[in-house]
Amino acid sequence: MKKLLSIILIVFILVPTVSVTTHAQSPEIIISETTEYFEDGTSITTTITQLSSNDLTRATKTITGSKTKTVKNGDGDVLYKFKVTGTFSVNEGVSATCTAVSCSASNLASGWSLDSSTKSKSGNKATATGVFEYTVLFITTITQETTATLTCDKNGNLS
């Protein structure tokens with residue numbers, strides 16, 4: 001019995017302690033936020049965030065950011081959010097090129113759905129368009145198209 005306890009004790013001493021490391025995601029930095037109000041009381045808030053920036057060399061870096069359109073009704077309730085995310089290769093002071101683009105919808109209020117979406121990249125722009133529908137009793141009563149374009153300039157500034 002003592003021999004068994006000794007062996008167990010030795011195993012615990014000799015087995016290295018496993019440490020668990022969590023990798024925190026890069027924080028999103030809000031670059032700008034503007035709201036446009038319409039006569040019927042609805043509004044669209046446009047938020048630009050920078051997700052990450054990695055320096056590859058002194059002159060070249062990769063920047064990932066997003067532009068989110070938050071559509072609200074006259075009561076201030078969120079109907080849906082539509083986001084375009086773009087990754088850009090920036091040659092500091094010379095050029096920026098979009099290398100990847102994606103889009104997503106979130107916070108869909110009851111009755112709202114994303115019917116279709118398209119995305120494209122061209123030069124220093126990442127663009128996505130979403131067609132949203134509001135359906136009541138299987139009948140679509142509202143169709144809205146929302147487009148978000150994220151641009152990166154030659155200095156790595158998102159707009």
Side-chain angles (χ1 to χ4, degrees), residues 19-57 59-159:
S19 64
V20 178
T21 305
T22 58
H23 298 282
Q25 291 181 342
S26 300
E28 288 184 273
I29 301 167
I30 296 177
I31 304 297
S32 69
E33 189 169 80
T34 58
T35 302
E36 183 178 4
Y37 297 93
F38 301 96
E39 288 180 15
D40 64 357
T42 61
S43 66
I44 298 177
T45 300
T46 303
T47 307
I48 299 172
T49 58
Q50 184 171 323
L51 306 173
S52 65
S53 174
N54 298 321
D55 293 334
L56 299 177
T57 66
T60 305
K61 59 185 169 183
T62 299
I63 294 177
T64 300
S66 67
K67 181 179 274 189
T68 303
K69 301 263 186 167
T70 303
V71 179
K72 297 180 180 179
N73 64 16
D75 294 329
D77 301 321
V78 174
L79 301 178
Y80 58 85
K81 291 184 179 185
F82 186 64
K83 176 165 70 171
V84 61
T85 301
T87 300
F88 302 89
S89 177
V90 178
N91 188 354
E92 189 73 36
V94 178
S95 66
T97 304
C98 182
T99 58
V101 61
S102 64
C103 64
S104 62
S106 63
N107 294 73
L108 293 149
S110 179
W112 284 93
S113 63
L114 177 63
D115 181 54
S116 65
S117 65
T118 58
K119 60 187 179 187
S120 65
K121 58 184 178 171
S122 176
N124 64 337
K125 295 180 182 181
T127 302
T129 300
V131 177
F132 292 85
E133 293 183 341
Y134 179 70
T135 304
V136 178
L137 298 174
F138 306 105
I139 299 172
T140 299
T141 59
I142 300 171
T143 301
Q144 290 182 349
E145 184 176 279
T146 301
T147 299
T149 299
L150 181 66
T151 304
C152 184
D153 71 12
K154 65 183 179 180
N155 297 312
N157 300 311
L158 300 173
S159 61

Spacing of [X] atom [atom1] and [Y] atom [atom2] [to the nearest 0.5 Å]:
X	Y	atom1	atom2	value
Ile142	Leu79	CD1	CG	8.0 Å
Phe82	Glu145	CZ	CD	9.5 Å
Leu150	Phe88	CG	CZ	4.0 Å
Glu28	Gln50	CD	CD	10.5 Å
Ile48	Thr151	CD1	OG1	8.0 Å

Within the 4.5 Å heavy-atom criterion, are [X] and [Y] side-chain neighbours or not?
X	Y	answer
Thr60	Ser89	yes
Tyr80	Thr146	yes
Asp115	Thr143	no

Could you pull out all donor-acceptor pairs under 3.5 Å where a side-chain atom in residues 117-139 meets a protein atom, sequence neighbours excluded?
{"residue": "Lys121", "atom": "NZ", "partner": "Thr99", "partner atom": "O", "Å": "3.0"}
{"residue": "Asn124", "atom": "ND2", "partner": "Cys152", "partner atom": "O", "Å": "2.9"}
{"residue": "Thr127", "atom": "OG1", "partner": "Thr149", "partner atom": "OG1", "Å": "3.2"}
{"residue": "Thr129", "atom": "OG1", "partner": "Thr147", "partner atom": "OG1", "Å": "3.0"}
{"residue": "Thr135", "atom": "OG1", "partner": "Thr140", "partner atom": "OG1", "Å": "3.4"}

Any residue meeting side chain to side chain donor-acceptor pair (under 3.5 Å) with Ser32, in chain and number order, not counting sequence neighbours: none
Is it true that a side-chain atom of Asn91 and a backbone atom of Ser95 form a donor plus acceptor pair closer than 3.5 Å? no
Asn155 backbone acceptor or donor facing Asp153 side chain under 3.5 Å: yes
With side chain to side chain donor-acceptor pair (under 3.5 Å) as the test, pick out the partner of Thr35 among Thr45, Thr46, Thr47, Thr70. Thr45
Using distance alone, with no hydrogens and no angle criterion, decide if Thr49 and Ser66 have a side-chain donor and acceptor under 3.5 Å apart. yes
State which residues pass side-chain contact (heavy atoms from CB on, under 4.5 Å) with Ser104; sequence neighbours excluded, sorted by chain then number. Lys83
Could you please spell out the steps behind the side chain to side chain contact (heavy atoms under 4.5 Å, CB included) verdict for Thr42 and Val71? CA-CA 8 Å; Thr42 61; Val71 179; 5.8 Å; no
Distance-minimising heavy-atom pair for Lys154 and Val94: CB-C, 3.7 Å
